[in-house]
Amino acid sequence: MGWVRSFRNNQFIALNDGSTNNNLQIVAELGAFDDAVLKKITPGASLKVVGQLVASLGKGQAVEVKAHTIEILGECNPDTYPLQLKNRPSLEYLREIAHLRFRTNTFGAVFRVRHALAFAIHKFFNAKGFVYLHTPIVTASDAEGAGEMFRVSTLPFDGTPRKEDGSIDFSEDFFGRATNLTVSGQLEGELGAMALSEIYTFGPTFRAENSNTARHLAEFWMIEPEMAFYDLEDNMNLAEEFIKYLIAYVMEHNREDLEFLAQRLVEEEKTKPQAERSELGLIEKLEFVLNNQFERITYTQAIDVLLQSPAYKKKKFQYDVKWGIDMQSEHERYLVEKHFKKPVIVTGYPAAIKAFYMRRNEDGKTVAAMDILVPGIGELVGGSQREERLDKLEERMKDMHIPTEEMWWYLDTRRFGSVPHAGFGLGFERMMLFVTGMTNIRDVIAFPRTPKSAEF
Ligand code: 4AD
Ligand code: MG
């Protein structure tokens, strides 16, 4: 059973059930089937075929099925079906018909790889004895302190209950307080790690940031391991091992799909000027990452590299470079694509541009943060060693106007047997971009959520 991809010479049906990009050839012997049935064998129609699997006489396949019976399960009108072989649809158009795009070779490959990656994530952590922790989707806290949250409420829009000072009275709301969709499971993950030692989360996270880029989603999946007794170095080692494991896993289990995607990328890049094409093909790039150590530099060194770069001297950067800036994607991409030409782990960011929970370094100016930047993507991982010292943490929260009373549960872990610990978050769709060579994040998640777009 499957869906018709093509029907040639009123005789050869290419049938596909989504398990692989390779179609199964069905041979409908001439004269053996009613015209009424043959007419309904059009691209997109679904069939049930009973027949005999035989060695193929033709080229292009080892075996084929000699059909005894063909049953049309669902017809598909060729005049209105949008996926005809003749006019190859663009990725942009396929986004508008995301309910059907799974049926294309590209998206078949993408979603089989996505499955394999998800499976490999659990496999990796399970083998290491990590506990998979389900952190809440609805929460009252802003883990990143960036205020990019989607509100969760059952209060009416009209006649919202108000307090005497005119502010919204959330005590009337479903949870009796203001709540939102989680931006990260990290804070709850830390609570788990403070007893189970090593945990990871893998779930959807939500950010109401108005970034309409090829790297941002409003709803994306994140993997967040959190480890007691780990310092920043252990954290980096784990992240590098993890990324390499995932790549090795799909290289072994999804070879055909990766080869297909590699070819797709070559075709896509033909439309670009030479200077913008990647130096390595998809498979070579993945092999290169597997076989080389990630570069490790401090933020201060990264800024120096940028200041000394020809790009900076020729004023090619749109945004200014100086110690203290939050590096823009043009800076990150310069470091990984032009300078180091490989994944780079940057540590020791200025405290002022990083989240409240990161551990303050001895210099008082920087924190034990680490971001992993990769070619073509920019930031793939963000993580840190956490501030485990109660006094330092409270001080930093006050500086950053994070309400310490509301976060009593988070601070409790620092009161009761606090330990050094660390963790990171890997954006699942960014990893998908890296592995599949797709260039828009909307094409590696089934039904993307982005500003002004929530169809399906
Ligand atoms: O750097 P971020 O914001 O870090 C955290 O959320 C920490 N709580 C993680 C931790 O230490 N446990 O996000 C982590 C990663 C980024 O590096 C990026 O790969 C991805 O999540 N990410 C996004 N992916 C798609 N769309 C967005 N809008 C994303 N924002 C972050
Ligand atoms: Mg980050």
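Start at 1 and go down the list; that is how both ligands and their atoms are numbered.
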Going by the order shown, which atoms of ligand 1 are within less than 4.0 Å of some heavy atom of [X]?
| X | result |
| --- | --- |
| Arg386 | 10 (C), 11 (O), 12 (N) |
| Arg215 | 25 (C), 26 (N) |
| Val381 | 17 (O) |
| Tyr357 | 7 (C), 8 (N) |
| Gly383 | 11 (O) |
| Glu224 | 7 (C), 8 (N), 9 (C), 10 (C), 12 (N) |
| Gly382 | 1 (O), 9 (C), 10 (C), 11 (O), 17 (O) |

Would you mind checking which non-hydrogen protein atom is closest to [atom], with the distance to 0.1 Å?
| atom | value |
| --- | --- |
| atom 14 (C) of ligand 1 | Met222 SD, 3.4 Å |
| atom 18 (C) of ligand 1 | Arg430 NH1, 3.5 Å |
| atom 16 (C) of ligand 1 | Glu379 OE2, 3.3 Å |
| atom 15 (C) of ligand 1 | Gly425 O, 3.7 Å |
| atom 19 (O) of ligand 1 | Leu380 O, 2.8 Å |

Legend entry - Interatomic distance, Lys354 atom NZ to Met370 atom CE [nearest 0.5 angstrom]: 10.5 Å
Considering distance alone, does some N or O of [X] sit under 3.5 Å from an N or O of ligand 1?
| X | value |
| --- | --- |
| Glu144 | yes |
| Gly427 | yes |
| Arg207 | yes |
| Leu217 | yes |
| Leu426 | no |

Can we say [X] and [Y] salt-bridge, meaning some charged N sits less than 4.0 Å from an Asp/Glu carboxylate O?
| X | Y | answer |
| --- | --- | --- |
| Arg296 | Glu233 | yes |
| Arg359 | Asp231 | no |
| Lys342 | Glu295 | yes |
| Lys398 | Glu394 | no |

Legend entry - Exceeds 12 heavy-atom contacts within 6.0 angstrom, atom CZ of Phe447: yes
Quick check on [X] - does any of its heavy atoms sit under 4.0 Å from an atom of ligand 1?
| X | value |
| --- | --- |
| Met431 | no |
| Glu209 | yes |
| Phe206 | no |

Legend entry - Closest heavy-atom pair and its distance - Arg396, Phe356: NE-O, 3.3 Å
Inset, instruction - Write down the atom of Tyr410, the atom of Leu187, and the distance for their closest heavy-atom approach. - result: CE1-CD2, 3.6 Å
Inset, instruction - Specify whether an N/O/S atom of Glu379 falls short of 2.8 Å from the Mg ion (ligand 2). - result: yes
Legend entry - Asn16 and Leu24, any side-chain heavy atoms less than 4.5 Å apart: no
Identify each donor-acceptor pair in which a side-chain atom of residues 418-428 lies under 3.5 Å from a protein atom, sequence neighbours left out, and give them as a table.
{"residue": "Ser418", "atom": "OG", "partner": "Glu388", "partner atom": "O", "Å": "2.7"}
{"residue": "His421", "atom": "ND1", "partner": "Val419", "partner atom": "O", "Å": "2.9"}
{"residue": "His421", "atom": "NE2", "partner": "Glu190", "partner atom": "OE1", "Å": "2.7"}

Legend entry - Residue selection (non-hydrogen contact nearest atom 30 (N) of ligand 1) among Trp221, Phe424, Phe428, Phe220: Phe220
Legend entry - Pair Phe175 and Phe170, ring centroids less than 6.0 Å apart: no
Inset, instruction - Identify the residue among Arg333, His339, Lys341 that makes a side chain to side chain contact (heavy atoms under 4.5 Å, CB included) with Glu337. - result: Arg333
Inset, instruction - Compute whether any side-chain donor of one residue and acceptor of the other, for Thr179 and Arg177, lie under 3.5 angstrom apart. - result: no
